[in-house]
Amino acid sequence: MLRALGLGDFLTGIPALRALARAFPDHRRVLAAPALLGPLAGLSGTVDGVADTAPLVPLDPELSGADVAVNLHGRGPHSHRVLLASGPRRLVAFAHPHVPESAGGPEWAAAEHEVRRWCRLLEASGIPADSSDLGLVVPTEPAPPGAARATVVHPGAAFASRRWPIERWAEVVRHEAGRGREVVVTGGNDETALAEAVAAAAGLAPEAMLAGCTDFLGLAAVVAAAARVVCGDTGVAHLATALGTPSVVLFGPVAPSEWGPPADRAQHVALWAGTRGNPNGAVTDPGLLCITVGQVTAALDGLPQASPRASTMRST
């Protein structure tokens, strides 16, 4: 199962991975993805192992000759060819005119929700998939001090077009503190400077800064322990969905109908101005800038209380 992408991509692929686990219970199921995702893959209960893989590079020779190779990475042709080069007996993939072996697959739909996309791929091959099956087991790893019942503010995103301004995030932090809520600021190793700027502008204590201090499993522990999450269109939003933590997610260049939380779950609120842009752009998307601090704080105030976390899989 090839999905050599990031955190959010992995989490939106969980229903498809779970469907494959049900369909092939006696097979050894290996996810070809970055090794950093291994601990979260364990929480999903869907795979027997993770083979460290970068995007669109040859697979580890140990993956050669699989009974079934499933392309959960993209529409092809490059990702199709990566899998075909490993010599699988069967390929499950979207149809691409430059890859004859994919001719029996379904057609790609551009404006489809990412979760639904991969479930539809499997259904076309006779594998039932439930796009609502997004939950993760709550990590047993303890969350850092201060995370319990806190508001998680995650200002980062992979590209500048999906990053809301620092001063607006700081206003949100001050609002949450004014409501008597603990706040922690999270981020990856490459987002530490951004998180520190938000924390400094909001006057947070040093111990509230968790950016650069957690791996993916630690971040999941933070989100599971928290009362709410507020972030942009990035992987942490999908962690909140997977762990059932109420969330407010700010969308700019991409519609929540394609990457947002399930629309039928009131504990997850997607804010979007209704415009589209470049999700990989170098400047903040104009639509994202249309979202005001007042809209965000009102959405946070309207979130339901998070239920106590259990250590088993839940419907989230």
Side-chain angles (χ1 to χ4, degrees), residues 8 113 146-157 160-187 191 194-195 197-204 208 210-211 222-277 279 284-309 316:
H113 194 285
R149 310 300 300 165
T151 297
V152 173
V153 174
H154 190 97
S161 57
R162 288 180 265 150
R163 297 181 203 135
W164 211 41
I166 289 171
E167 60 273 14
R168 298 194 194 183
W169 283 120
E171 288 188 56
V172 170
V173 172
R174 287 192 289 268
H175 168 86
E176 291 296 280
R179 290 284 194 270
R181 300 166 184 158
E182 295 293 326
V183 179
V184 294
V185 182
T186 57
E191 296 169 336
L194 172 62
V198 171
L204 284 179
L210 300 182
V222 170
V223 171
R228 63 195 64 80
V229 172
V230 56
C231 62
D233 175 17
T234 190
V236 173
H238 302 288
L239 266 182
T241 297
L243 293 164
T245 302
S247 63
V248 175
V249 187
L250 285 61
F251 284 84
V254 177
S257 61
E258 296 174 17
W259 278 91
D264 60 348
R265 301 182 189 183
Q267 74 268 38
H268 305 296
V269 177
L271 300 177
W272 185 50
T275 63
R276 293 176 180 266
T284 305
D285 180 76
L288 183 58
L289 291 174
C290 288
I291 299 175
T292 67
V293 171
Q295 288 175 301
V296 175
T297 55
L300 283 166
D301 287 343
L303 288 178
Q305 293 296 312
S307 58
R309 298 299 189 268
T316 57

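The basis for the numbers below is simple: all heavy atoms, side chains too, and nothing from hydrogens, waters or symmetry mates. Since the structure is predicted, the reported quantities are computational estimates derived from the model, not experimental observations.
- Legend: residues meeting side-chain contact (heavy atoms from CB on, under 4.5 Å) with R174, ordered by chain and number and at least two apart, are A170, E171, A202.
- For the residue pair H268 and S247, the shortest heavy atom distance occurs at ND1-OG, 2.9 Å.
- Within the 3.5 Å criterion, the main-chain N or O of G260 finds a donor-acceptor partner in the side chain of H113.
- From Q295, atom CD reaches atom CG of L250 across 8.5 Å, with rounding to the nearest 0.5 Å.
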In sequence, state the C-alpha distance, the side-chain angles, and the governing distance for W169 and V230, and then conclude on side chain to side chain contact (heavy atoms under 4.5 Å, CB included).
CA-CA 9 Å; W169 283 120; V230 56; 3.7 Å; yes
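- R149 contributes atom CZ, which lies 6.0 Å from atom CD of Q305 (distance to the nearest 0.5 angstrom).
- Among residues two or more places apart in sequence or in another chain, the salt bridge (Lys or Arg N to Asp or Glu O under 4.0 Å) test is passed with R181 by E176, D301.
- Between S161 and L288 the shortest heavy-atom distance is O-CD2, 3.7 Å.
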Decide yes or no on side chain to side chain contact (heavy atoms under 4.5 Å, CB included) for V293 and W164, but give the supporting numbers first.
CA-CA 10 Å; V293 171; W164 211 41; 3.8 Å; yes
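- Residues passing the side-chain contact (heavy atoms from CB on, under 4.5 Å) test with L303, sequence neighbours excluded: R228, P246, V248, V269, L300.
- The side-chain contact (heavy atoms from CB on, under 4.5 Å) test applied to P165 returns E167, R168, L289, not counting sequence neighbours.
- Of the possible donor and acceptor atoms, one in the side chain of T245 sits under 3.5 Å from a partner among the backbone N and O of V223.
- The minimum heavy-atom distance between G232 and V249, with the atom names listed, is O-CG1, 3.5 Å.
- The two residues T241 and P261 come nearest to each other via the heavy atoms OG1-CB, 3.7 Å.
- Under the 4.5 Å side-chain criterion, counting only non-hydrogen atoms from C-beta, T297 is not in contact with R179.
- Counting all heavy atoms, side chain and backbone alike, P155 lies closest to A195 at CG-CA, 4.3 Å.
- Within the structure, side chain to side chain donor-acceptor pair (under 3.5 Å) contacts touching residues 254-264 (residues at least two apart or in different chains) are E258-R276.
- Summarising the geometry, atom CZ belonging to R163 is positioned 9.5 Å from atom OG1 belonging to T234; distances are rounded to the nearest 0.5 Å.
- The shortest heavy-atom contact between G252 and D285 is C-OD2, 3.3 Å.
- Judged as a side-chain contact (heavy atoms from CB on, under 4.5 Å), and not counting sequence neighbours, the contacts of R162 are A157, A158, F159, D233, P253, P279, N280.
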